[in-house]
Amino acid sequence: MTNNTLFEPYALGGITLANRVIMAPLTRNRAGAGLVPSELAAEYYAQRASAGLIITEATQVSKQAQGYQDTPGIYTEAQIDGWRKVTAAVHEKGGRIVMQLWHVGRVSHVDLLGGDAPVAPSAIRAATKTFVNNGFADVSEPRALKLDELPGIIDDFRKAAANAIKAGFDGVEVHGANGYLLEQFAKDGANIRTDSYGGSIENRARLMLEVIAAVAEEIGAERTGIRLSPVSPANGISASDPQAQYDYIVDQLEALGIAYIHVVDGATGGPRDVAPFDYASLRRRFSKTYIANNGYDLELAASHLADGKADLIAFGRPFIANPDLVERLQTGAPLAEMNPATLYGGGAAGYTDYPRFADTSGR
Ligand code: 8OZ
């Protein structure tokens with residue numbers, strides 16, 4: 001393969017990545033009591049520290065932000081202490097790690113919220129399921145957020161970013177994708193508000209951009225990134241004009257000077273060509289780092305880097321069964337298949353017990 005820069009170092013914001021293979025955020029539902037990451041989480045992430053950068057599983061910024069059973073948080077001292085063990089273990093191995101900050105909005109269930117309704121831009125229930133009480137269930141009917149509640153949500157993201165830095169993270173990625181709160185505001189399929197947070201493209205982007213501005217002010221724009229999924233139908237979301245919406249959003253993100261945008265091509269975890277969209281338009285509008293994700297293999301990753309379509313490529317599912325994904329891609333070793341039965345919840349099985357290729361070959 002010619003001109004493959006995937007295994008070359010890269011300067012992202014203020015940090016240097018050893019290579020351009022990024023571990024995408026992966027929800028694993030294994031947090032312990034108090035939604036503190038388990039002891040196993042430090043081992044799991046450390047096993048994957050040869051990634052140029054690890055983006056953690058989505059982590060809720062408040063109690064209200066949770067949408068699935070046993071996902072970790074970053075709003076209590078115990079959670080900060082738990083995450084500190086994770087960042088220490090990854091840094092010990094020479095890796096880099098940022099935390100993905102998450103508010104699920106309407107994608108939640110009353111049983112996760114002490115009986116409260118999930119919150120959303122508008123009282124429109126998503127056609128999607130969540131995982132709660134050890135099974136899948138339809139999400140609950142949401143209630144529309146009042147205008148005076150939005151500053152509190154922005155503040156939750158701000159505090160969560162500060163907590164992430166306290167816990168030793170190299171930065172944060174705001175989850176602006178996959179049908180969760182910030183995307184619910186941005187996309188008109190979920191937002192029919194008539195105040196300053198609904199209607200026009202500018203109004204629908206407002207909450208996302210205010211969150212990013214607050215996070216960047218708190219921890220520095222060079223440590224702030226965002227994940228976007230312009231045309232993904234994930235979690236029952238839809239948008240009538242994603243090109244204009246995301247061109248505008250990325251123009252504003254450029255003005256805010258953040259370190260990176262992390263863009264899901266097509267349907268998250270599904271077809272890359274689900275709808276027409278000009279990703280090059282986002283790339284042109286953003287001068288800093290562009291991370292591309294969704295269904296990449298070695299060849300596609302190398303070609304997108306060579307063509308200048310992206311600076312870094314995020315791999316999600318391949319990292320589950322291949323802790324040494326970087327080395328496997330680099331040496332041409334075969335990739336192991338993950339077991340879907342142990343993807344969400346449980347303990348070490350299907351989490352920390354996938355071996356490195358070097359430990360299985362030749363036996
Ligand atoms: C899979 C299961 C639950 C949540 C996302 C945070 O799609 C998620 C998620 C993925 O961004």
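This chain uses plain numbering: 1 for the first residue, then up along the sequence. Atoms within each ligand, like the ligands themselves, are counted from 1 in listed order. Note that the structure is predicted; figures quoted are calculated from it, not measured.
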Open item on the list: Just by distance, no angles: are the side chains of Tyr180 and Asn235 close enough, under 3.5 Å, to form a donor-acceptor pair?
Closed with: yes
Task: Per-residue contact class, Tyr344 against ligand 1 - non-hydrogen pairs under 4.0 Å - done: side chain
Open item on the list: Could you check whether any heavy atom of Trp102 sits closer than 4.0 Å to an atom of ligand 1, since that is the contact criterion I want to use?
Closed with: yes
TODO: Check each atom of ligand 1 against the heavy atoms of Asn178 and keep those under 4.0 Å away; list them by number with element.
DONE: 5 (C), 7 (O), 11 (O)
Open item on the list: Geometry only, no angles: is Thr27 polar-contacting ligand 1 at N/O separations under 3.5 Å?
Closed with: no
Task: Contacting atoms of ligand 1, where contact means under 4.0 angstrom from a heavy atom of Ala58 - done: 6 (C)
Task: Sidechain N-carboxylate O distance under 4.0 Å for Arg30, Glu57 - done: no
- [ ] Flag Tyr68 as yes when one of its N or O atoms lies below 3.5 Å from any N or O atom of ligand 1, and as no otherwise.
- [x] no
Open item on the list: For the residue pair Glu183 / Ser229, report whether a side-chain donor-acceptor contact shorter than 3.5 Å exists.
Closed with: yes
Open item on the list: Counting C-beta onward and ignoring hydrogens, is there a side-chain heavy-atom pair between Leu305 and Leu6 closer than 4.5 Å?
Closed with: yes
Task: For atom 8 (C) of ligand 1, the protein heavy atom that lies nearest, with its residue and separation - done: Tyr180 OH, 3.4 Å
Task: Residue portion contacting ligand 1 (non-hydrogen atoms closer than 4.0 Å) for Glu57 - done: neither
Task: Whether Arg328 side chain and Pro334 backbone form a donor-acceptor pair below 3.5 Å - done: yes
TODO: Give a yes or no on whether a salt bridge exists between Arg20 and Asp311, defined as a side-chain N under 4.0 angstrom from a carboxylate O.
DONE: no
- [ ] May I ask you to decide whether Arg193 forms a salt bridge with Asp195, counting only side-chain N to carboxylate O separations under 4.0 Å?
- [x] yes
Open item on the list: Measuring from non-hydrogen atoms of Gln100 to any atom of ligand 1, is the shortest distance under 4.0 Å?
Closed with: no
